[in-house]
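For the single chain, residues carry numbers from 1 onward in sequence order.
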Amino acid sequence: MIRTARARRLAAFFGAVALVLSATARGAPSVDCGPPPDGAICANGPWFDFATMNVRLVQGTVTANHEITQGAGQDLLVRTDETNPRFRGRAEAMLIAGAVVATRSDGSLPATGEELLGDPLLASQEVAGLLQTALPRGPGVTTGRRRIDVAGTRVFTAQTPQSTSLFGPPWRLEGTVTAKGARAFDFELVFSFRLVGPDSKVSERRHVHRYRGSATYPVKRPAIPDSMSLAGWRITGPQGGTYTYATLGEARRALGVAPAR
């Protein structure tokens with residue numbers, strides 16, 4: 001087919017209009033969960049069903065080591081050790097049967113009480129979400145050593161009942177996941193992204209998180225034993241008030257919290 005000069009100009013014009021309309025329709029990346037192309041990624045799936053996770057998170061001048069145990073019967077146990085230019089501190093926190101909060105801290109961390117659950121739990125959700133995005137079929141079919149190199153153009157989110165992390169596009173996830181025996185894995189991940197401001201807009205500033213650690217996925221989550229010592233722990237009862245008990249089992253019986261089954 002032979003086109004005249006005018007036809008070629010019209011074709012070029014309408015092509016440019018189509019591109020503009022397409023970009024306008026796509027809009028800015030949203031921080032709200034939703035489908036492509038604009039909705040945020042709010043990952044969910046089998047990588048979140050870990051029993052234990054140890055993760056070392058390095059972000060700029062801040063280094064944190066977290067241990068997270070999701071036990072049977074809605075028990076959650078976390079330990080954290082954080083170092084940054086302003087302070088170094090460590091703490092432990094536990095949610096017993098999903099109802100009672102227990103904590104032990106050296107007092108050097110700014111968080112107190114149930115807030116001490118926040119950073120370790122959020123870090124574990126970030127790792128689980130990244131693994132879910134990179135290897136969506138889950139730990140049950142992940143074998144050997146898998147290299148990861150994934151990029152995204154949507155906001156990536158990680159959430160806990162207390163807080164949300166937002167990672168702006170374009171982002172890139174690189175690293176490895178290595179199967180270590182029965183349903184256990186080591187991971188090393190480097191996640192580069194743009195910061196999302198308080199106004200929910202993606203800025204030009206780039207940042208990097210580095211995650212290194214391990215996670216286990218047994219068929220049945222182990223119970224946190226009643227024999228666990230609570231020496232030095234402070235327990236907040238379901239109706240308020242602060243208590244101390246010698247063991248986890250004693251706390252369960254005194255507060256009327258059913259033991260893990």
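- Applying the ring-ring contact (aromatic ring centres under 6.0 Å, His included) test to every pair with at least one member in residues 36-84, sequence neighbours left out, gives these pairs: Trp47-Phe185, Trp47-Tyr217.
- For Thr112, the side-chain contact (heavy atoms from CB on, under 4.5 Å) criterion is met by Glu115, not counting sequence neighbours.
- Proximity of Ile148 to Leu189: side-chain heavy atoms (C-beta onward) are separated by under 4.5 Å at one or more points.
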Exercise. Test side-chain contact (heavy atoms from CB on, under 4.5 Å) on Leu195 and Leu166 and set out the steps.
Key: CA-CA 8 Å; Leu195 297 177; Leu166 299 172; over 6 Å; no
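- Residues Val196 and Val31 form a side-chain contact, since some pair of their non-hydrogen atoms from C-beta on lies under 4.5 Å apart.
- Side chains of Thr216 and Thr52: a donor-acceptor N/O pair is present below 3.5 angstrom, by distance only.
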Quiz item: Which is it for Glu92 and Trp233 under the side-chain contact (heavy atoms from CB on, under 4.5 Å) test, yes or no, and what are the steps along the way?
Solution: CA-CA 9 Å; Glu92 299 169 273; Trp233 288 68; 3.6 Å; yes
Practice problem: Output, in order, the C-alpha distance, side-chain angles, deciding distance and verdict of side-chain contact (heavy atoms from CB on, under 4.5 Å) for Leu76 and Leu117. | Solution: CA-CA 9 Å; Leu76 174 66; Leu117 294 164; 4.2 Å; yes
Tell me which donor-acceptor pairs under 3.5 Å the side chains of residues 121-131 have, and how far apart each pair is, sequence neighbours excluded?
residue, atom, partner, partner atom, Å
Ser124, OG, Leu121, O, 2.7
Glu126, OE1, Tyr211, OH, 2.7
Glu126, OE2, Ser165, OG, 2.7

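- Under the rule for a side-chain contact (heavy atoms from CB on, under 4.5 Å), the partners of Ser105 that lie at least two apart in sequence or sit in another chain are Ala91, Leu116.
- With sequence neighbours left out, the side-chain contact (heavy atoms from CB on, under 4.5 Å) criterion links Val101 to Leu95, Thr103, Glu114.
- A donor and an acceptor atom, one from each side chain of Glu67 and Asn65, are nowhere located under 3.5 Å apart.
- Between Val208 and Val190, some side-chain heavy-atom pair lies under the 4.5 Å cut-off.
- Residues forming a side-chain hydrogen bond (donor to acceptor under 3.5 Å, both in side chains) with Arg210 (at least two apart in sequence, or on another chain): none.
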Practice problem: Begin with the C-alpha distance, continue with both residues' side-chain angles, and end with the deciding distance and a verdict on side-chain contact (heavy atoms from CB on, under 4.5 Å) for Leu109 and Phe87. | Solution: CA-CA 8 Å; Leu109 294 175; Phe87 60 80; 3.6 Å; yes
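- Checked against a 6.0 Å centroid threshold, the rings of Phe191 and His207 do not count as neighbours.
- In this structure, Asp149 and Arg172 have side chains that are in contact, with non-hydrogen atoms separated by less than 4.5 Å.
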